[in-house]
Student: 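Below: one structure in structure tokens.
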Amino acid sequence: MRTITIKPTAITHNLNQVKKRAPHSKVLAMVKSNAYGHGVAAVLPALTQADGIGVATLIEALEARQLGWNKTIGLVEGAFTADEWQQAIDHEVSCVIHHVPQLEWALDNVPPAASATRVVWLKYNTGMNRLGFNAEGVIAAAKHLHAAGYQLILTTHFANADDITHPLNAVQIQRFKDMLATLKETVSNDVKGSLCNSAGVVNFSEHHYDWVRPGIILYGSAPVIDKSAQELDLQPAMSFSAQIIALQTVSANDAIGYSSRWIAQKDTETALVSIGYGDGYPRVVSEDAYVSVIDNTNNRSYPCAVLGRVAMDMIVIDVSAVPDNTSLLDSKVILWGDAPHVDEVAAHAHTISYELLCRLSMRPKRVQA
Ligand SMILES: *Cc1c(COP(=O)(O)O)cnc(C)c1O
């Protein structure tokens with residue numbers, strides 16, 4: 001059975017790793033895009049020790065409220081319309097303000113003093129060049145918002161935090177640091193700061209400020225390019241699995257699958273696995289791509305190469321190296337989990353774990369470990 005198994009204990013473990021690395025910061029646990037594909041309902045109970053959650057759309061914020069999340073929710077792109085700003089107020093959602101229309105909605109429609117929406121995340125463009133005010137704009141916005149009674153968190157986002165050697169990191173950190181000092185001096189000493197995503201939490205421990213915003217690290221994937229999830233003591237929060245539904249022997253010189261791309265050099269024992277890009281397994285994977293077969297007679301795990309094209313509903317794997325491979329029917333196959341790790345599959349698919357996790361389809365059954 002195609003199955004996505006979520007391990008809440010792994011998420012809590014990973015959250016604790018973040019807290020160990022950033023002991024003086026509050027944690028805004030990022031659960032956008034359905035908790036990076038893990039399912040927000042499955043993930044929230046594992047995040048009770050987080051100080052807040054971060055989402056990208058108002059719908060995601062409302063879903064989390066409906067699920068009973070009653071602490072901070074940060075809306076990282078802010079409201080998209082004046083009506084959304086009002087809904088954010090109605091549901092006590094704390095918004096990013098990154099451009100002038102949002103500033104105007106906030107100044108025209110100030111929530112009650114006790115409202116969580118009175119805390120705004122003021123976005124400063126320090127070099128990512130996507131969202132955010134320039135230096136002059138941030139100072140002006142901060143003055144207006146403070147005068148209207150808002151509490152401010154200055155925020156920005158790294159473009160290259162995964163690569164500790166990238167020169168833009170130091171530039172972004174310096175601009176952020178200078179601006180926070182300016183706002184503390186000229187607007188209010190109470191202005192807070194939030195700089196780091198997962199990679200920043202790992203790579204820039206001197207610059208954690210008041211709130212860190214970890215995402216991918218919570219799900220057990222390595223956020224930096226030079227350390228593995230294992231080296232960072234992270235646990236994968238998802239196991240993606242399917243089963244063997246047929247066994248074949250492919251003769252030497254015969255081809256497998258669409259486009260007959262893989263041709264057997266010798267007689268090869270193969271197994272058909274009921275998984276494909278219709279489930280979210282990537283269609284294009286390199287020759288090194290493998291899965292783990294859990295032999296259902298002895299429960300041992302064997303790495304098996306993926307052969308030929310990934311189809312919508314199935315893949316073919318090489319089970320020649322599995323002893324007694326004639327009895328593998330119904331055995332479980334791990335697409336990613338402990339091994340291979342989703343980071344390895346992402347590398348084999350020339351993408352990042354984020355994308356593989358987010359684009360899982362509705363078809364696999366979802367369960368909790
Ligand atoms: C998604 C997001 C994060 C988390 O990024 P990770 O790389 O997953 O840690 C942090 N901050 C903002 C503004 C985001 O949109």
Side-chain angles (χ1 to χ4, degrees), residues 4-55 60 64 67-74 76 94 121 153 155 157-158 161-162 164 192-240 336-339 341-344 346 352-354 356-358 366-369:
I4 293 167
T5 306
I6 302 301
K7 293 182 200 147
T9 54
I11 294 171
T12 302
H13 167 87
N14 299 332
L15 173 63
N16 285 331
Q17 296 301 107
V18 170
K19 285 167 156 283
K20 265 194 220 166
R21 288 177 179 273
H24 307 298
S25 304
K26 291 186 177 179
V27 176
L28 193 78
M30 300 304 297
V31 299
K32 60 191 175 184
S33 197
N34 201 25
Y36 292 52
H38 291 65
V40 74
V43 161
L44 288 183
L47 293 173
T48 52
Q49 295 307 311
D51 301 282
I53 55 170
V55 295
E60 292 173 337
L67 288 165
W69 183 264
N70 57 18
K71 292 199 262 185
T72 295
I73 299 181
V76 297
S94 180
W121 300 65
I153 302 170
T155 187
H157 195 54
F158 279 117
D162 57 329
I164 196 168
K192 304 279 190 278
S194 176
L195 174 60
C196 291
N197 55 357
S198 300
V201 167
V202 173
N203 276 343
F204 304 113
S205 54
E206 303 296 299
H207 306 286
H208 284 157
Y209 293 97
D210 301 283
W211 284 86
V212 292
R213 307 186 309 272
I216 195 71
I217 196 171
L218 298 173
Y219 306 100
S221 171
V224 296
I225 58 177
D226 59 333
K227 290 187 194 77
S228 70
Q230 202 177 3
E231 286 171 307
L232 293 168
D233 190 10
L234 303 175
Q235 295 176 5
M238 178 188 294
S239 173
F240 184 29
W336 61 69
D338 288 326
H341 193 281
V342 67
D343 291 341
E344 285 177 86
I352 53 175
S353 60
Y354 302 65
L356 295 186
L357 296 170
C358 285
R366 286 179 172 267
V367 300
Q368 283 185 41

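FYI, side chains are in, hydrogens and waters are out, and symmetry mates aren't considered; it's all heavy atoms of this structure.
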Student: Of all the heavy-atom pairs spanning Ala161 and Asn197, show the shortest one and how long it is.
Tutor: CB-OD1, 3.7 Å

Student: Surrounding CD of Gln230 (heavy atoms of other residues, nucleotides or ligands, distance under 6.0 Å), is the total greater than 12?
Tutor: no

Student: For Pro236 and Gly337, work out which heavy atoms get closest and say how close.
Tutor: CG-O, 3.7 Å

Student: Treating Ser25 as the side-chain partner and Tyr209 as the backbone partner, does any N or O pair qualify as donor plus acceptor under 3.5 Å?
Tutor: yes

Student: I want to check something: taking the side chain as every heavy atom from C-beta on, are Arg21 and Leu232 in contact at a cut-off of under 4.5 Å?
Tutor: yes

Student: Please tell me if the side chains of Trp336 and Asp343 come closer than 4.5 Å, counting only heavy atoms from C-beta onward.
Tutor: no

Student: Could you pull out the closest heavy-atom pair between Cys358 and Ser33, with the gap in Å?
Tutor: SG-OG, 3.5 Å

Student: For Ser353 and Val342, which heavy atoms make the closest approach, and how far apart are they?
Tutor: CB-CG1, 4.0 Å

Student: List the steps, then state whether side chain to side chain contact (heavy atoms under 4.5 Å, CB included) holds for Ile217 with Asn14.
Tutor: CA-CA 7 Å; Ile217 196 171; Asn14 299 332; 5.6 Å; no

Student: Who pairs with Lys192 by salt bridge (Lys or Arg N to Asp or Glu O under 4.0 Å), at least two apart in sequence or on another chain?
Tutor: Asp190

Student: Could you please spell out the steps behind the side chain to side chain contact (heavy atoms under 4.5 Å, CB included) verdict for Asp233 and Gln17?
Tutor: CA-CA 8 Å; Asp233 190 10; Gln17 296 301 107; 3.6 Å; yes

Student: Please confirm whether the backbone N or O of Val201 pairs with a side-chain atom of His208, one donor and one acceptor, at under 3.5 Å?
Tutor: yes

Student: Quick one: are Lys26 and Thr72 in side-chain contact, heavy atoms under 4.5 Å?
Tutor: no

Student: Verify the neighbour count for atom NZ of Lys7: are there more than 12 heavy atoms of other residues, nucleotides or ligands below 6.0 Å?
Tutor: yes

Student: Return the NZ to CG distance between Lys19 and Leu15, rounded to the nearest 0.5 Å.
Tutor: 5.5 Å

Student: Closest approach of Gly220 and Ala229, non-hydrogen atoms and distance?
Tutor: O-CB, 3.4 Å

Student: Are a donor atom and an acceptor atom from the side chains of Arg213 and His157 found within less than 3.5 Å of each other?
Tutor: yes

Student: Apply side chain to side chain contact (heavy atoms under 4.5 Å, CB included) to residues Leu356 and Met238 and explain how you reach the verdict.
Tutor: CA-CA 12 Å; Leu356 295 186; Met238 178 188 294; over 6 Å; no

Student: Which distance, rounded to the nearest 0.5 Å, do you find between the OG1 of Thr5 and the CZ of Phe240?
Tutor: 10.5 Å

Student: Ignoring hydrogens, what is the shortest heavy-atom contact between Ala237 and Ile11? Give both atom names and the distance.
Tutor: CB-CG1, 3.5 Å

Student: Checking side chain to side chain contact (heavy atoms under 4.5 Å, CB included) against Pro223, which of Ile352, Ile216, Asn203, Asp162 comes through?
Tutor: Ile216

Student: Got a list of side-chain donor-acceptor pairs under 3.5 Å for residues 37-55, not counting sequence neighbours?
Tutor:
from  : atom 1 : to    : atom 2 : distance (Å)
His38 : ND1    : Ala35 : O      : 3.1
His38 : ND1    : Tyr36 : O      : 2.9
Asp51 : OD2    : Val27 : N      : 2.8

Student: Does the pair Ser194 and Leu28 meet the rule for a side chain to side chain contact (heavy atoms under 4.5 Å, CB included), with working shown?
Tutor: CA-CA 10 Å; Ser194 176; Leu28 193 78; over 6 Å; no

Student: Roughly how far, to the nearest 0.5 Å, is CG of Asn16 from CD of Gln235?
Tutor: 10.0 Å

